[in-house]
Amino acid sequence: MTTKALSSASPEVENWHELHRAAMRETERKELPFRINEAEKALARRSRELFALPREHPEERKELDHALYKLRALSF
């Protein structure tokens, strides 16, 4: 999602993006599990919201899948 699109996005969209970025940028090993957990919860919450909107937001759905994949890889 572009910065321009993100600036007009709902708080829920901005929230999962922010938390995902924070997890990906975390350098403290002790903080990493917390950051990953918070980001995963936000992704799950947004995913549930999108489930109620079939056929809407296909690009964001792809972004969510990709973000979750990266978080899972980061947690190993």
Side-chain angles (χ1 to χ4, degrees):
M1 182 174 275
T2 65
T3 306
K4 183 178 179 183
L6 191 63
S7 65
S8 64
S10 72
E12 295 81 11
V13 174
E14 289 183 30
N15 185 42
W16 82 256
H17 276 100
E18 300 277 328
L19 292 170
H20 177 258
R21 274 194 293 273
M24 297 306 294
R25 292 181 179 156
E26 183 59 63
T27 58
E28 296 291 326
R29 295 299 279 169
K30 289 182 180 180
E31 291 294 317
L32 190 56
F34 170 76
R35 297 274 188 198
I36 290 171
N37 185 44
E38 290 298 305
E40 285 178 338
K41 287 191 296 188
L43 271 94
R45 197 168 36 249
R46 183 59 180 157
S47 195
R48 284 190 303 273
E49 290 169 356
L50 291 177
F51 183 76
L53 306 169
R55 298 185 184 155
E56 292 185 36
H57 307 280
E59 289 301 315
E60 186 180 359
R61 291 173 193 274
K62 288 178 190 175
E63 287 182 57
L64 282 165
D65 287 342
H66 188 69
L68 185 57
Y69 175 80
K70 290 192 315 187
L71 287 173
R72 296 247 167 94
L74 185 62
S75 67
F76 288 108

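FYI, side chains are in, hydrogens and waters are out, and symmetry mates aren't considered; it's all heavy atoms of this structure. Only a predicted model underlies this, so the values are computations on that prediction, with no experimental measurement involved.
- Listed here is the closest heavy atom pair of I36 and A23: N-CB, 4.1 Å.
- In terms of heavy-atom proximity, R61 sits nearest to F51 at NH1-N, 4.2 Å.
- Applying the side chain to side chain contact (heavy atoms under 4.5 Å, CB included) test to R48 and every residue at least two apart in sequence or in another chain returns A44, R45.
- A distance of 11.5 Å separates CG of L19 from CD of E14, quoted to the nearest 0.5 Å.
- Under the side chain to side chain donor-acceptor pair (under 3.5 Å) criterion, E49 pairs with R46, not counting sequence neighbours.
- For the salt bridge (Lys or Arg N to Asp or Glu O under 4.0 Å) condition, the pairs that include at least one residue of residues 50-59, sequence neighbours left out, are E59-K62.
- Both W16 and L32 are assigned to one and the same hydrophobic cluster, defined by single-linkage of ILVMFWY side chains at heavy-atom distances under 4.5 Å.
- Checked against side chain to side chain donor-acceptor pair (under 3.5 Å), R35 has the following partners two or more places apart in sequence or in another chain: E26.
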Less than 3.5 Å apart, which donor and acceptor atoms pair up between the side chains of residues 64-76 and the rest of the protein, not counting sequence neighbours?
| residue | atom | partner | partner atom | Å |
| --- | --- | --- | --- | --- |
| S75 | OG | R72 | O | 2.7 |

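- Here the straight-line distance linking atom CD of E18 with atom CD of E38 works out to 14.0 Å at 0.5 Å rounding.
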